[in-house]
There are 2 protein chains.
Amino acid sequence: MAKVTIKEIADILGVSTATVSRVLNNSGGYSEETKRRVLDVLKQYNYQANAMAKGLRTKKTNSVGVVLPDLTNEYFAKIAVAIERVLMKKGYSINIYNMSEDANKEELMLRDLESRGVDGLIYVSGYRNQVNRVKELNIPVICVNQLEKMDETMPVIESDHEYGGYLAAKALLERGTERIIMLRDERDILPINQREQGFKAGLKEQHLRPLHISRIPFNVDAAQKEIADLLKNGKSFDGIFASSDILAIGALKALQQHGLQVPDNVQIIGFDNVTFSQYSYPALTTIHQSTDQLGEKAAERLIQSMQENHLDSNGRIVVPVHLVERETTQAWRV
Amino acid sequence: MAKVTIKEIADILGVSTATVSRVLNNSGGYSEETKRRVLDVLKQYNYQANAMAKGLRTKKTNSVGVVLPDLTNEYFAKIAVAIERVLMKKGYSINIYNMSEDANKEELMLRDLESRGVDGLIYVSGYRNQVNRVKELNIPVICVNQLEKMDETMPVIESDHEYGGYLAAKALLERGTERIIMLRDERDILPINQREQGFKAGLKEQHLRPLHISRIPFNVDAAQKEIADLLKNGKSFDGIFASSDILAIGALKALQQHGLQVPDNVQIIGFDNVTFSQYSYPALTTIHQSTDQLGEKAAERLIQSMQENHLDSNGRIVVPVHLVERETTQAWRV
DNA sequence: GTGAAAGCGCTAACAT
DNA sequence: ATGTTAGCGCTTTCAC
């Protein structure tokens, strides 16, 4: 029951700890015969290496940190799980640092990161300053969907937000809408700005512009209130592009409470394809972001960096997005 | 930049490592004067203890494991975050073990748990056998909402599932429904069984019984299909109690697609009060479970166990639930 | 009040 | 092919 150590295994076999260690690490320098004997006893006693002793000696912990803004947000949780799936297979375990949008935690996180000696870090949705502080740890860092432009040396994995916005504009136009508004997260962050850019570019191809762009806090209630206000003020529109499904859901609710039919009177396209978007009524048409690919690619890239033991980058990886057509848009018309 | 060690601090000050260590741990045996000097240099060099060296020496890691079935499920993520909030304040960091409903991972988790030497463990939604295996680690373990009856020595924090079911029945009856069906997770697990018990007890008080109980897989589509089938087969009902919001959402969708009005023709009550339940249309009436309390109480209790260094229990803690009335039920009728 | 030294469990030179 | 040994960074007796 008490954990068995290398020394005890060695004593049982009458060999040295070095031999046991060699077998454990497959580092060669022993006969097939000893290998077999050692392995047997190891298994028999269910030997489990002491990670702290090993880490102290080797300066490698086989663990990586994952920093994200909010674990209760399905989108981030999915990315974390995808990262874990890949890293787990390679023998790494992960420490999640849930920032809870709380600046105080940053200091605590940095201390913990340093104290525990993670071998690498994946920073999801970080601001430039936050990421720069983390770089001082001198371990490989990968960003996923960064919120501000990083310096050139930072490897980044991101969704094709701009093309997503473009797809939304195109889809709305093809389905006959003409007076389109955009509902966007008020924060001046890269992914949202890029979605807006792409969206405008899509409209511009048809020599159109958004009728109106609302900048609102990132939550359902704000979106609901905003659409209700626009309606109350007599604003007339037949299409909405929301920068996130969260906002689209709020818009949908406001329209329904105002007695408007979706998609007959107003069509809506969201962004992210969160699980719930398929269960609203009507089900939300949206731009799909692949959290799986985001997480997997980030993990693969980090593993590569950790093995090659270099910190610098070879640029960005852009993960494609696509339109998921459901019920808040009409059948294709053109 | 390179991490500074106790030895370096000691050399700078011309004292021994022992003295620095004593100051660091507030263990006394030094003058106020030295304390001040040591603290100064510590701060100046931004000293950060090496967690591995410390852990190796003290056999304490100041970390606890949190095992849960699925991180991408908001319910579990919220519990994890609540646990973290409490433990973080006490200087613990947490390792999340996301089982992804995958039995293979259990072995990996146990190895990792042992190897990293966590000081305690919180097992969320575990089966008896799983928890028993974990008990062999000889560290304090707390269960949250266990899926099967544990032995008497296991401390458990759980929602009052039974009373929740009772509340749902009472609410449905008070709002005039008479032909009530229940939609439940098909798995034979404690929380769901208890909700059913309470629900039946509530009906029985009015000398009623559920018209029908459907056992279905735990996902939206299954619920939607089940209600669609019942409707197709001419089953007539005016109230639904779903054992989880997830199922309630599926039911709502099926009713809407069948042209039925909620709550006019059919009233629905769910369970859990997941974030999304307030944003469905109409918004879901549901039984609220406090993930915050569940997580906080589990963490507090674990801290106590770890400090007292005893493994046994003092029974169960039951966290209250309550009805959250929204739009899938009618106004109170008597 | 302070220092010397041992040792936690492991790996990696360096011997043999 | 195998053993001996030093040491990773820390805490904790035991001396003084």
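Protein chains get the first letters and strands the later ones, always in sequence-line order, with residue 1 at the start of each.
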Worksheet item: Can you name the nearest heavy-atom pair linking Gly28(A) to Arg22(A), along with the distance?
Response: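 Closest approach of Gly28(A) to Arg22(A), heavy atoms only: O-CD, 3.6 Å.
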Worksheet item: Which pair of non-hydrogen atoms, one from Arg37(B) and one from Leu13(B), has the smallest distance, and what is that distance?
Response: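 Where Arg37(B) meets Leu13(B) most closely, the heavy atoms are NH2-O, 3.2 Å.
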Verify the distance criterion only: is there a donor paired with an acceptor across the side chains of [X] and [Y] at less than 3.5 Å?
X         : Y         : value
Ser125(A) : Asn145(A) : no
Arg116(A) : Thr61(A)  : no
Glu74(A)  : Thr72(B)  : no
Tyr127(A) : Asn132(A) : no

Worksheet item: Quick one: do Lys135(B) and Asp151(B) make a salt bridge, cutoff under 4.0 Å?
Response: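 Yes, this pair counts.
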Practice prompt. May I ask you to say whether Glu32(B) pairs ionically with Arg36(B), meaning some side-chain N is under 4.0 Å from a carboxylate O?
Written response: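 Judged by the 4.0 Å cut-off on N to carboxylate O distance, Glu32(B) and Arg36(B) do not form a salt bridge.
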Worksheet item: For the side chain of Asn25(A) and the backbone of Ser27(A), is there at least one donor-acceptor N/O pair under 3.5 Å apart?
Response: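 Here the side-chain-to-backbone pair does not exist.
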Worksheet item: Earliest and latest nucleotide of DNA chain D, 5' to 3', sitting under 4.0 Å from a non-hydrogen atom of chain A?
Response: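 Contact boundaries, 5' end first: dA1(D) to dG9(D).
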Discussion item. Among residues 12-34 of chain A, which ones have heavy-atom contacts with DNA chain D below 4.0 Å?
Written reply: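 The stretch gives Gly14(A), Val15(A), Ser16(A), Ala18(A), Thr19(A), Arg22(A), Gly29(A), Tyr30(A), Ser31(A), Thr34(A) as the residues lying under 4.0 Å from the strand, ordered by number.
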Worksheet item: Got a sec? Which of residues 36-61 of chain A come in under 4.0 Å of DNA chain D, heavy atoms?
Response: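 Correct list: Leu56(A), Arg57(A), Lys59(A).
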